[in-house]
Amino acid sequence: MPRYNPAEIEPRWQAYWERHKTFATDALPKPGQKKRYILDMFPYPSGDGLHVGHPEGYTATDIVSRFARMRGESVLHPMGFDSFGLPAEEHAIKTGEHPRVQTYRNIDNFTRQLKMLGFSYDWDRSLATTDEEYFRWTQAIFLVIYDTWFDTERQVGRPIAELPIPAEVAAKGAGAISEYQDRHRLAYQDDALVNWCPALGTVLANEEVVDGLSERGGHPVQRIPLRQWMLRITAYAERLEAGLEGLDWPAGIKKLQRDWIGRSTGAEVDFYIGGEETFAAWQAARRGKPLGDTPSNDVLRVYTTRPDTLYGATYMVIAPEHPLVERLTTQGQSAEVVAYRQQASFKSDRERTEGEKAKTGVFTGSHAINPVTGRPIPIWVADYVLATYGTGAIMAVPAHDTRDFEFAVAYGLPVVAVIEPPADFDGRDAVMAGQACFVGVGKVIGSGEFDGRDSDEVKSAITRRLADAGLAREAINYKLRDWLFSRQRFWGEPFPVLHELDAAGKPTGRKRAVPDDQLPVRLPELADFRPHGRPEPPLEKAAEDWLYVTIDGVRYKRETNTMPQWAGSCWYYLRYIDPRNAGRLVDTQKERAWMPVDLYVGGAEHAVLHLLYSRFWHKVLYDRGWVSTPEPFGRLINQGMILGEVEFTGYQTEAGDWVSSRDVRRDAQSNRVDGKGNVVKAVQVAEEDVEKSGDNFVLKSDPAIRIDSRAHKMSKSRGNVVNPDAVVRDYGADSLRLYEMFMGPLEATKPWSMAGVGGVRGFLDRVWRMIVDERADALGLSPAVVDEPCDAEQARVLHGTIKKVTEDTEGLSFNTAIARMMEFTNHFTRCEKRPREAMEAIVTLLAPYAPHIAEELWMVLRGGEGCVSLREWPAWDEAALVQNEIDLPVQINGKVRGKIFVAPDADEAAVTEVARRDERIAEWLGGKSIVKTIFVPGRLVNFVVK
RNA sequence: GCCGGAGUGGCGGAAUGGCAGACGCGCUGGACUCAAAAUCCAGUGAUCGCAAGAUCGUGUGGGUUCAAGUCCCACCUCCGGUACCA
């Protein structure tokens with residue numbers, strides 16, 4: 001009884017592919033073949049093993065890869081592991097087991113699971129970011145970045161040796177030059193705030209801090225300044241933004257990146273703070289002189305995107321950290337300002353910006369002069385202005401900015417409208433009276449010579465006028481900040497940087513790169529992974545012989561920070577191209593041959609950071625001649641999230657009485673309560689106890705009780721996680737693959753359904769029975785499979801299926817391709833005679849989707865002749881698709897009233913003629929006159945009657 | 001608040017402006033069986049009707065069109081992201 005038995009078939013074919021290296025990729029694309037680089041976002045090998053979300057994207061790329069190979073393309077389809085990361089280190093702290101041990105154990109498990117699913121990766125190219133041969137090159141790339149400065153004029157990264165040194169710097173000697181270079185490198189050190197948790201004795205990543213408390217333990221977290229490595233990604237803001245244009249990425253992802261980069265255009269304007277008496281003289285002195293890069297010390301410089309509202313600037317605000325705060329604070333205001341600044345310093349950026357809190361601030365006691373009105377306006381300190389954006393100071397225009405308006409209302413500052421809202425604007429009068437805020441475009445008023453013009457047109461006009469007067473200049477700003485690149489962690493790449501020490505063992509401030517022949521800088525062996533209780537990195541605990549090195553007689557201390565997890569994932573796609581190259585990060589010829597990535601599939605959670613960081617590194621490598629394409633990833637697809645099975649949730653009181661979900665609310669303590677305020681608990685309700693009533697689900701036993709139905713994210717705590725191992729055990733890998741592709745569009749969020757897995761398994765069973773004789777003793781062909789050609793209808797189904805599956809696979813519409821293969825199977829299962837050519841074709845079409853069963857059936861059909869995975873993709877015959885008669889809907893006034901059988905290419909006259917003869921149509925037309933006939937050849941005919 | 005995405009049978013979903021609900025799950029009935037499972041066949045949006053058939057139907061309200069799930073306007077709900085960037 002040769003039943004379909006995936007548990008036996010699948011491991012056998014996996015072993016076959018591995019033995020024959022079926023999916024090994026040549027070093028270069030085969031001559032004459034199109035190259036296709038198809039990439040998955042590689043996983044972090046967590047201890048929990050593969051999640052069913054992983055195989056979703058991996059199956060999609062596997063189908064595309066197998067399909068491309070069958071169409072004669074050279075495919076590069078690799079897989080690896082993003083294996084640095086916090087969990088392994090935490091595990092080490094807890095158990096004392098080295099992170100490396102756990103990491104590679106997890107990688108082995110992931111590899112086993114991925115192989116179990118039959119993905120056609122070239123496993124010889126597999127890599128892990130924790131491999132020394134890999135991070136040797138991560139360190140080398142860091143040194144390329146370290147060796148690069150950004151030439152703003154030419155918008156290109158160049159070797160630091162080419163950085164022009166100003167004469168006055170050069171005059172001060174080697175130390176000054178080196179310091180000057182350090183200030184211009186794309187990798188530089190700066191003091192930055194880190195999350196230090198004294199209770200845990202460790203520094204935390206931002207993701208580990210929730211509401212100012214540590215995620216684990218809930219201990220308070222302080223922000224303390226520490227010397228950090230930064231990467232100057234802001235230098236590339238312009239190019240990262242511009243480069244998005246040509247990418248075949250989802251529009252939403254591009255927009256997210258654009259918003260993250262946050263380019264805005266406007267003006268920098270200098271406001272005089274030297275007092276009213278000297279204003280005129282100052283103004284005269286400024287005339288005709290362009291604004292310098294550093295503002296003179298008698299002005300407060302602001303950045304604004306709304307120069308058109310300058311006449312309405314009634315006060316100014318500076319950030320609490322602004323360098324001018326102390327100078328601007330008068331004696332009388334000092335106590336208040338000092339207190340306010342101190343209070344603000346306790347809050348993290350996140351706390352300061354979260355929620356729609358009331359705005360707070362204090363008056364400095366000083367005034368600036370509005371350069372266009374000549375009137376003095378007060379300068380306030382408020383934390384709604386961020387020191388890290390623009391100039392850290394703003395001109396406040398309460399009439400035309402909601403934040404400024406709120407602040408002005410709170411502190412009784414004047415609101416002066418300088419833009420008149422359009423006549424049809426609702427709160428027009430309130431705006432004009434200074435009681436509301438209007439942010440739109442309108443007519444400029446109260447602005448001297450600019451009155452009466454459109455506000456958006458005045459923007460540049462006013463900037464030009466001020467620029468002539470030496471008071472402003474056009475400016476571009478980005479929200480993007482430089483990338484804080486160091487972590488105080490053990491399990492990461494060490495920085496290949498050495499800090500020079502003087503004879504006394506004190507740092508001189510000078511640094512040098514670790515020489516290339518000394519890479520990689522390996523992690524030291526630590527006896528103990530527990531935090532040492534100081535905010536410095538764990539590597540400070542390393543043995544002296546690791547920590548200190550002498551080169552050419554100079555003693556150095558190693559950098560002890562490590563790189564963030566992003567580092568390894570920034571460039572892994574390049575290493576796959578040439579994974580064992582010991583001399584270069586990637587061979588130039590191979591890189592030119594395979595790059596860019598043609599299809600990149602992964603979760604939307606990486607829409608911003610990973611994809612932005614990778615693009616940044618890639619552009620630096622491009623500028624420095626290491627790679628040949630300006631962008632790494634040509635086409636990007638985000639797979640949707642897979643949710644747990646749909647759950648029905650009801651609510652019960654303590655006493656066990658049902659409460660309708662309509663009456664359940666959250667109280668102030670966020671308990672669930674019923675209408676009377678009694679606390680209720682959520683309980684799961686079985687599907688069979690629930691029925692639909694109107695738009696809602698209700699309890700069958702009591703239709704007055706409404707039940708919630710929803711699918712939730714899979715989570716351990718919810719207990720709805722689906723384990724791929726169990727699915728493969730119960731249904732087989734082909735069923736898991738096929739189900740995940742059949743659930744719905746790749747990019748959609750969709751709930752899991754184990755019954756649905758059973759459904760596609762049923763389909764594979766049917767395919768099996770269509771071809772295999774299940775009643776025979778040995779594996780052999782069903783007697784229904786015959787060496788005869790298809791009849792006309794079979795040919796139509798066959799060629800229609802080839803066409804649909806080909807087009808849908810190309811378009812990544814896997815769900816509809818599978819549906820079509822099901823229709824094929826339904827049709828041929830009903831046929832007494834199943835022509836061999838049709839059976840061979842369906843097995844070939846199925847091969848990318850369910851490769852194991854396809855190989856097995858191919859063996860049955862062809863008796864072990866070759867391997868279907870490498871077979872040529874079938875072509876369809878358009879001629880087989882044409883029908884000699886179709887049923888054409890006949891509409892009367894847009895409603896289908898009948899169908900007629902006509903030739904597909906019948907013309908309007910013929911169709912009308914046949915339709916009029918049709919009994920039912922004639923009845924509908926009876927006594928009415930046809931005003932108009934709409935005829936769509938081959939689709940329908942519509943009579944408009946009166 | 002803002003920015004995305006989505007609302008179609010009991011459920012997942014399908015539909016270049018042209019027959020709404022392909023395909024799958026579930027359900028109902030039938031065949032096979034002593035019986036069950038498995039398999040095969042048929043049916044399955046709602047309402048009315050013995051039937052032929054009719055009417056309604058893609059979140060809501062309006063509009064464009066011979067024709068709207070699809071296009072336009074206004075709104076509602078859900079999901080995801082984001083948080084004072086001047």
Side-chain angles (χ1 to χ4, degrees), chain A residues 3 250-253 255-256 259-260 262 264 266 302-306 309 317 350 352-357 359 382-386 388-397 400-404 406-407 477-481 604-605 607-608 640-641 643 645-646 687 690-692 695 697 709-711 713 739 742-745 747-760 762-763 765-766 769 774 813 815-823 825-826 829-830 887-899 920 931-936 938-945:
Chain A
R3 285 277 193 82
I253 301 299
K255 192 176 169 349
L256 273 177
D259 290 349
W260 189 264
S264 70
V302 302
Y303 170 71
T304 179
T305 56
R306 297 293 306 273
T309 61
V317 183
R350 176 173 287 231
R352 262 168 65 171
T353 56
E354 92 193 329
E356 352 163 345
K357 281 196 310 267
K359 293 185 172 39
D383 66 4
Y384 81 91
V385 170
L386 307 173
T388 45
Y389 183 79
T391 61
I394 61 155
M395 63 176 212
V397 186
H400 305 295
D401 181 283
T402 49
R403 298 153 302 183
D404 297 343
E406 269 179 55
F407 191 78
N477 251 301
Y478 297 92
K479 285 199 233 176
L480 188 67
R481 306 291 152 85
E605 67 272 21
V608 177
M641 207 192 331
L643 305 175
E645 298 234 7
V646 173
E687 196 178 343
V690 160
E691 66 185 351
K692 189 104 181 191
D695 287 341
F697 284 96
S709 100
R710 195 140 79 84
K713 255 188 210 165
Y739 171 65
F742 187 60
M743 291 171 88
E747 288 159 278
T749 304
K750 42 215 175 250
W752 187 266
S753 156
M754 213 48 103
V757 185
V760 293
F763 161 64
D765 282 325
R766 278 161 68 79
R769 282 193 299 272
E774 273 200 306
S813 301
N815 54 334
T816 49
I818 294 166
R820 181 63 200 218
M821 290 191 270
M822 288 173 168
E823 286 182 73
T825 306
N826 291 343
T829 299
R830 274 187 283 259
D887 58 340
L888 189 86
V890 180
Q891 297 185 340
I892 289 165
N893 288 343
K895 294 197 174 181
V896 180
R897 294 303 182 187
K899 301 215 171 132
R920 286 198 53 218
V931 225
K932 194 174 176 184
T933 304
I934 285 106
F935 175 66
V936 187
R939 297 308 296 246
L940 55 62
V941 63
N942 184 14
F943 298 114
V944 184
V945 301

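Every chain is numbered from 1, with letters handed out A, B, ... down the list of sequences.
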**Q** Output the rounded distance in Å from NZ (A:K750) to C1' (B:rG5).
**A**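 Value for this atom pair: 13 Å.
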**Q** Under 3.5 Å, is there a donor-acceptor pair between the side chain of A:K932 and the main chain of A:N942?
**A**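 A pair under 3.5 Å: no.
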**Q** I'd like the C1' distance from B:rU16 over to B:rC11, given in whole Å.
**A**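 After rounding to an integer number of Å, I get 29 Å for this pair.
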**Q** Between B:rG57 and B:rC73, how far apart are the C1' atoms? Round to whole Å, please.
**A**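 These two C1' atoms come out 23 Å apart once rounded.
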**Q** Which whole number of Å gives the distance between the C1' atom of B:rU77 and that of B:rG26?
**A**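 Roughly 27 Å separates the two C1' atoms.
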**Q** Pick the nucleotide of RNA chain B nearest each of A:R830 and A:M641; which residue has the one closer to the 5' end?
**A**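 The residue whose closest nucleotide sits nearer the 5' end is A:R830.
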**Q** Once pairs are restricted to Watson-Crick or G-U wobble with both distances under 3.5 Å, how does RNA chain B read as a dot-bracket string, [ ] for crossings and | for other-strand pairs?
**A** (((((((..(((.....[....)))((((((.......))))))((((....))))..(((((..]....))))))))))))....
**Q** In whole Å, what separates the P atom of B:rG45 from that of B:rC23?
**A**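 After rounding to an integer number of Å, I get 12 Å for this pair.
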**Q** Check the distance between B:rG12's P and A:M754's CE and give it to me in whole angstrom.
**A**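 My rounded result for the distance is 18 Å.
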**Q** Using modelled atom types only, decide if a donor and an acceptor are shared between the side chain of A:Y739 and the backbone of A:M754 within a distance under 3.5 Å.
**A**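 Side chain of A:Y739 to backbone of A:M754, a donor-acceptor pair under 3.5 Å: no, none is there.
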**Q** A:R920 side chain to A:R897 main-chain N or O, any donor-acceptor pair under 3.5 Å?
**A**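 Yes, the answer is positive, given that a donor and an acceptor are paired below the 3.5 Å cut-off.
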**Q** Are A:R481 and A:T388 packed together at the side-chain level, in the sense that at least one heavy-atom pair is separated by less than 4.5 angstrom?
**A**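 Yes, at least one pair of side-chain atoms sits under 4.5 Å.
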**Q** Given the C1' atoms of B:rA46 and B:rC40, what is the spacing between them in whole Å?
**A**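 It comes out at 30 Å once rounded to the nearest Å.
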**Q** Please determine whether a side-chain nitrogen or oxygen atom of A:R820 lies at a distance below 4.0 Å from atom OP1 or OP2 of B:rA14.
**A**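 No, A:R820 has no side-chain N/O under 4.0 Å of OP1/OP2 on B:rA14.
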**Q** Under 3.5 Å, is there any donor-acceptor pair linking the side chain of A:K255 to the base of B:rC3?
**A**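 Checked by distance alone, the answer is no.
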**Q** Tell me whether A:R769 is salt-bridged to A:D765, with the criterion being a basic N under 4.0 Å from an acidic carboxylate O.
**A**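 No, this pair does not count.
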**Q** For B:rG80 versus B:rA86, give the span between their C1' atoms, rounded off to a whole number of Å.
**A**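 One C1' to the other, the span is 28 Å.
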**Q** Taking only the C1' atom of each, what is the distance from B:rU70 to B:rU64 in whole angstrom?
**A**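 To the nearest whole Å, 13 Å.
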**Q** When the C1' atoms of B:rC2 and B:rA83 are compared, how many Å lie between them, rounded to an integer?
**A**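 Those two atoms are separated by 8 Å.
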**Q** Choose from B:rA86, B:rC84, B:rA38 the nucleotide whose nearest atom is closest to any side-chain atom of A:K359.
**A**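 Closest of the options to the side chain of A:K359: B:rC84.
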